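One structure follows; several queries about it will come next.
Bear in mind the structure is a predicted one, so any value in this text is a computation, not a measurement.
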Amino acid sequence: MAPSQPVVASQPAGPQRTYPWQETLAEGLDLTWSPSPYLHVGDDAIYNPHTDSTITEGDPHYSFLRQWTEHGSPPVAGKTEEMGPLIESAWVVRSDHDLDNQYRIKYVQLEAHTVCNQSCYFCPVSLAPRAAHSMSMELYEDIARQIAELGEPIESVFMIAYNEPTADPRFIEQVATLKRFGLPPSTLTNGSGLTHRRVDQLIELGGLRFMSINLSTMDRERYAKDRGKDQLPMVMRHLDYAKDKQVAEQMDIVVLGTDDEHHHQDFEEISRYFEGTRFTTKSFVVNDRAGYLDIGLTGDGGKRRLGGCDYMGSRPIQHLHINPHGQCLLCCQDYDEKEVVGDLREHSLAEVLVSPAFAKARRLVYGLDAAPERYICKGCRYSLKR
């Protein structure tokens with residue numbers, strides 16, 4: 001997504017799900033078992049994106065599982081008192097079970113149009129603005145219905161990729177559509193279209209789940225230079241009106257920068273300005289969008305084998321990215337939209353999630369298949385390596 005996303009607080013979990021790999025121990029351990037190949041193995045914790053669970057050094061099973069993932073075999077052969085709980089909790093799975101079509105969708109990115117009214121230095125739009133295109137409300141409503149029917153534990157439906165969501169005259173209608181299907185609308189915005197009337201309308205609808213305002217500086221000259229538009233006075237009028245109102249359950253001001261002196265000063269000034277309001281001010285360093293930009297946080301150049309994704313969770317397992325054409329993309333970092341895993345004009349969302357293209361993408365991201373030389377994840381700072 002653009003700009004960088006803060007982590008959104010968890011929502012109450014949906015209905016308890018039963019996963020096909022959660023075999024009962026009544027079958028015994030006669031088949032070959034192994035740790036899930038989709039685990040995120042860190043220095044002091046192991047995360048399972050399929051179950052959204054973490055075990056840490058303090059967990060009694062952590063050391064056993066950590067050694068197994070590192071050495072390829074359990075520390076003590078046949079130690080069922082360790083393996084049993086790990087199997088029941090899906091840390092360990094049958095080696096012949098196919099996990100490539102399994103998912104647990106927590107976040108959806110549903111971009112309804114391609115237009116942005118700014119040209120920020122930290123965004124690919126500044127280099128290659130996209131041709132204007134808008135998704136029809138008929139398709140938007142159909143996709144919203146399909147998202148809801150998945151029954152997934154969705155925490156946010158973000159209304160942005162590289163567009164400015166409030167630049168769409170249908171913005172309020174789109175929020176209302178998501179809420180009608182019981183989905184949690186969320187947005188990142190530069191605030192230019194967050195008019196007083198729209199603030200009031202959002203409140204009347206019950207508010208957003210999450211709203212993040214991208215405000216990188218309160219210096220008008222630098223704001224105009226950084227964004228290609230002199231809109232700071234207008235944006236501040238909008239934020240002054242919204243700052244004490246319950247526009248969203250979670251309201252953030254995100255100060256993006258390059259971790260230099262200006263960035264630190266801007267963060268301090270903006271924090272003081274919004275202190276005591278409903279906004280929480282946060283600071284983030286811009287990233288290079290998987291090598292697209294020559295700025296900010298960068299990857300390691302793809303020197304090691306891919307081993308997963310840890311960009312606000314796992315993109316191929318926990319996220320859905322839908323562009324205004326109805327195509328499903330692997331990741332928000334893919335500005336050129338090269339990694340298409342499905343098309344909702346041709347297939348249902350449920351079909352796309354278990355399609356060969358999506359399964360293949362998951363295997364590439366997690367290093368189960370060798371990724372091409374210029375695969376997007378190789379240049380991404382959020383990719384895990386083995």
Side-chain angles (χ1 to χ4, degrees), residues 1-6 8 108-120 122-126 129-130 132-137 140-141 143-144 156-180 183-218 223-224 226-256 270 274 277-279 322-324 332:
M1 295 181 186
S4 299
Q5 290 180 9
V8 181
V108 177
Q109 180 186 68
L110 178 56
E111 185 186 38
H113 70 114
T114 59
V115 175
C116 187
N117 59 354
Q118 294 188 350
S119 182
C120 304
F122 48 77
C123 179
V125 170
S126 63
R130 298 181 297 175
H133 178 81
S134 294
M135 177 184 290
S136 71
M137 282 306 299
Y140 192 91
E141 180 171 343
I143 292 174
S156 283
V157 176
F158 289 96
M159 304 170 68
I160 177 174
Y162 292 93
N163 62 324
E164 168 49 47
T166 65
D168 194 327
R170 309 165 302 170
F171 174 66
I172 295 298
E173 183 183 0
Q174 291 157 1
V175 172
T177 298
L178 295 176
K179 294 183 76 73
R180 179 156 49 87
L183 298 171
S186 301
T187 192
L188 289 76
T189 172
N190 58 36
S192 61
L194 198 65
T195 62
H196 296 189
R197 175 174 170 76
R198 277 184 166 167
V199 167
D200 293 341
Q201 289 174 321
L202 289 172
I203 294 172
E204 289 173 6
L205 286 171
L208 300 169
R209 160 66 192 95
F210 171 76
M211 180 176 71
S212 175
I213 307 296
N214 172 7
L215 180 65
S216 49
T217 183
M218 293 179 65
Y223 185 99
D226 290 348
R227 295 163 179 270
K229 288 289 181 66
D230 181 16
Q231 294 182 326
L232 182 62
M234 175 180 64
V235 168
M236 293 306 298
R237 287 196 301 272
H238 293 168
L239 299 186
D240 283 339
Y241 184 76
K243 65 185 180 182
D244 295 314
K245 296 177 173 60
Q246 190 71 59
V247 187
E249 180 182 334
Q250 180 178 341
M251 298 167 57
D252 289 350
I253 299 284
V254 170
V255 183
L256 290 173
I270 293 171
F274 288 100
T277 72
R278 290 187 179 273
F279 283 115
I322 306 169
N323 71 13
C332 66

(request) State, yes or no, whether a side-chain contact exists between D244 and F279 at a heavy-atom distance under 4.5 Å. (result)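 No, their side chains stay 4.5 Å or more apart.
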(request) Evaluate the ring planes of H238 and H196, with Trp represented by its six-membered ring, and classify them as parallel (under 30°), tilted (30 to 60°) or perpendicular (over 60°). (result) perpendicular
(message) So T187 and S212, do their side chains get closer than 4.5 Å, heavy atoms only?
(response) no
(request) Indicate yes or no: at least one non-hydrogen side-chain atom of M218 is less than 4.5 angstrom from one of M236. (result)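 Yes - at least one pair of side-chain heavy atoms lies under 4.5 Å apart.
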(request) Determine whether L256 and N214 make a side-chain contact, defined as any pair of heavy atoms from C-beta on separated by less than 4.5 Å. (result) yes
(request) Report yes if the side chains of S119 and S126 come closer than 4.5 Å at any heavy-atom pair, otherwise no. (result)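 Contact flag for S119/S126 side chains = yes.
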(request) Could you tell me whether E164 and K229 have a side-chain N and a carboxylate O separated by less than 4.0 Å? (result)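 Looking at E164 and K229, the cut-off is not met.
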(message) Does any part of the side chain of V115, heavy atoms only, come nearer than 4.5 Å to the side chain of R130, both counted from C-beta?
(response) no
(message) Both conditions, 6.0 Å and 45 degrees, for the charged tip of R227 above the ring of Y223: are they met here?
(response) yes
(request) Compare all side-chain heavy atoms of I213 with those of M211 and state whether any distance is below 4.5 angstrom. (result)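 Heavy-atom side-chain distance check passes, below 4.5 Å.
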(request) Please report the closest heavy-atom contact between K179 and P185, naming both atoms and the distance. (result) CG-CG, 3.7 Å
(request) For residues I322 and Y140, determine if any side-chain heavy atom of one lies less than 4.5 Å from a side-chain heavy atom of the other. (result)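 With C-beta onward as the side chain, the pair stays apart.
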(request) Please round to the nearest 0.5 Å and tell me the distance separating atom CG of L202 and atom OG1 of T166. (result) 10.0 Å
(request) For side chain to side chain donor-acceptor pair (under 3.5 Å), just list the numbers for N117 and S192, CA-CA rounded to whole Å, side-chain angles, deciding distance to a tenth of an Å, and then say yes or no. (result) CA-CA 8 Å; N117 59 354; S192 61; 2.8 Å; yes
(message) For the residue pair K245 and Y241, would you count it as a cation-pi contact if the rule is NZ or CZ under 6.0 angstrom from the ring centre and within 45 degrees of the ring axis?
(response)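 Checked: cation-pi criterion met.
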(message) Quick check for you: to the nearest 0.5 Å, what is the distance between C116 atom SG and I160 atom CD1?
(response) 7.5 Å
(request) Supply the atom-to-atom distance T189 OG1 to M159 CE, rounded to the nearest 0.5 angstrom. (result)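 Atom-to-atom, T189:OG1 and M159:CE are 10.5 Å apart.
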(request) Rounded to the nearest 0.5 Å, what's the gap from SG on C332 to CZ on F158? Could you check? (result) 10.0 Å
(message) Pair Q118, Q231 - check side chain to side chain donor-acceptor pair (under 3.5 Å), show working.
(response) CA-CA 9 Å; Q118 294 188 350; Q231 294 182 326; 2.8 Å; yes
(request) Dump the intermediate steps for side-chain contact (heavy atoms from CB on, under 4.5 Å) on L194 and V199, then the final yes or no. (result) CA-CA 6 Å; L194 198 65; V199 167; 3.9 Å; yes
